[in-house]
Amino acid sequence: MKSLSFLFIAFALSRVAIAQSNPSLRKQQFNLENGLAIQGYDPVAYFTQNKAVKGAASNTFTYKNVTYRFATPANLKSFQEAPEKYEPQYGGWCAYAMGATGEKVEVDPETFKVKDGKLFLFYHTFINNTLPKWNKDEPNLHRKADASWNKFTQS
């Protein structure tokens, strides 16, 4: 019985590792618009300038099947050296929705938060901004969003 449990656990762990390293699954799960992550905004600028900056077509880089644009060659180089540092959480989907309902919801790339070295993006329209809602219950929503995102990446 112990060997059967061990085999099941080993199988489950191998599926997780395969899904996380599978570029086509990754591309399917990310929020892409016209093939671009963050609607073409520069992921590094959120960290270095604390604002959303559109990337340029001349500074494009694809990391594990997800394409990003950068405002400057220096930002492109920074991303190439440490992509995991700059990629948005939850595949670029709304962090609040991922935590509140476990759903993939579009974002406004100009509504964001950088906290603890991570980039979080949020849905924002004229009548609804989810960033203040996230801020009111961040620890709980963050925990739930992490769990929800893990379900998508392990499919």
Side-chain angles (χ1 to χ4, degrees), residues 13 15-17 19-57 59-155:
L13 290 174
R15 291 228 348 115
V16 169
Q20 290 177 340
S21 66
N22 182 338
S24 63
L25 173 62
R26 192 175 130 80
K27 186 174 183 175
Q28 291 171 8
Q29 297 300 351
F30 266 63
N31 183 3
L32 305 177
E33 185 173 294
N34 298 318
L36 296 173
I38 320 174
Q39 298 172 26
Y41 281 77
D42 179 340
V44 176
Y46 290 103
F47 294 87
T48 60
Q49 297 179 8
N50 196 34
K51 67 180 184 177
V53 177
K54 274 285 199 181
N59 298 315
T60 301
F61 180 70
T62 301
Y63 174 67
K64 294 185 179 179
N65 268 4
V66 176
T67 303
Y68 293 92
R69 287 196 174 158
F70 303 89
T72 66
N75 285 4
L76 168 60
K77 184 176 188 239
S78 293
F79 186 88
Q80 288 172 324
E81 291 171 354
E84 294 86 4
K85 176 179 177 179
Y86 297 108
E87 280 197 303
Q89 298 300 289
Y90 318 123
W93 298 103
C94 175
Y96 173 79
M98 192 63 64
T101 63
E103 295 177 292
K104 294 178 182 176
V105 172
E106 293 296 328
V107 297
D108 170 3
E110 296 188 8
T111 306
F112 69 95
K113 180 175 189 172
V114 174
K115 184 171 181 186
D116 298 329
K118 303 290 182 189
L119 172 61
F120 300 90
L121 300 169
F122 299 90
Y123 176 82
H124 184 191
T125 63
F126 182 71
I127 58 172
N128 186 15
N129 181 353
T130 60
L131 177 55
K133 295 174 186 179
W134 171 269
N135 287 335
K136 285 181 183 177
D137 193 18
E138 185 171 20
N140 183 45
L141 289 166
H142 190 171
R143 181 181 47 75
K144 288 181 177 179
D146 285 348
S148 294
W149 183 242
N150 282 335
K151 291 177 186 173
F152 285 110
T153 59
Q154 294 176 14
S155 317

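When a residue number appears, it is its place in the shown sequence, counting from 1.
- In this structure the side chain of Trp93 reaches within 4.5 angstrom of the side chain of Glu106, judged on heavy atoms.
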Could you pull out every donor-acceptor pair under 3.5 Å between side chains of residues 33-41 and any protein atom, sequence neighbours left out?
{"unit_1": "Gln39", "atom_1": "NE2", "unit_2": "Val107", "atom_2": "O", "d": "3.2"}
{"unit_1": "Tyr41", "atom_1": "OH", "unit_2": "Glu110", "atom_2": "OE2", "d": "2.9"}

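- How far CG of Leu141 is from NZ of Lys144: 7.0 Å, rounded to the nearest 0.5 Å.
- By the 30° and 60° cut-offs, the orientation of the rings of His142 relative to Tyr90 is perpendicular.
- With sequence neighbours left out, the salt bridge (Lys or Arg N to Asp or Glu O under 4.0 Å) criterion links Lys113 to Glu138.
- A distance-only check finds a donor-acceptor pair linking the side chain of Arg26 to the backbone of Lys64 [under 3.5 Å].
- Nearest heavy-atom pair, Pro109 versus Ala52, reported as atom, atom and distance to 0.1 Å: O-CB, 3.5 Å.
- Checking side-chain atoms of Thr60 against main-chain N and O of Arg69 turns up no donor-acceptor pair under 3.5 Å.
- By the ring pair (Phe, Tyr, Trp, His ring centres under 6.0 Å) test, Tyr96 pairs with no residue at all, sequence neighbours left out.
- Each salt bridge (Lys or Arg N to Asp or Glu O under 4.0 Å) pair with one or both residues in residues 42-52, not counting sequence neighbours, would appear here, but there are none.
- Taking all atoms of both residues into account, the shortest heavy-atom contact from Val53 to Ala71 is CG1-CB, 3.7 Å.
- Relative ring orientation between Phe61 and Tyr63 is described as parallel, the plane-to-plane angle staying below 30° on a 0-90° scale split at 30° and 60°.
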Indicate every side-chain donor-acceptor pair of residues 116-123 with a distance under 3.5 Å to a residue at least two apart or in another chain.
none

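- Between Phe79 and Phe70, a ring centre-to-centre spacing shorter than 6.0 Å is recorded.
- Remark: Asn50 pairs with Phe112 by the side-chain contact (heavy atoms from CB on, under 4.5 Å) rule, at least two apart or across chains.
- The number of heavy-atom neighbours closer than 6.0 Å to NZ of Lys85, taken from other residues, nucleotides and ligands shown, is 12 or below.
- Side-chain contact annotation: Gln80 with Tyr68, donor-acceptor N/O pair under 3.5 Å absent.
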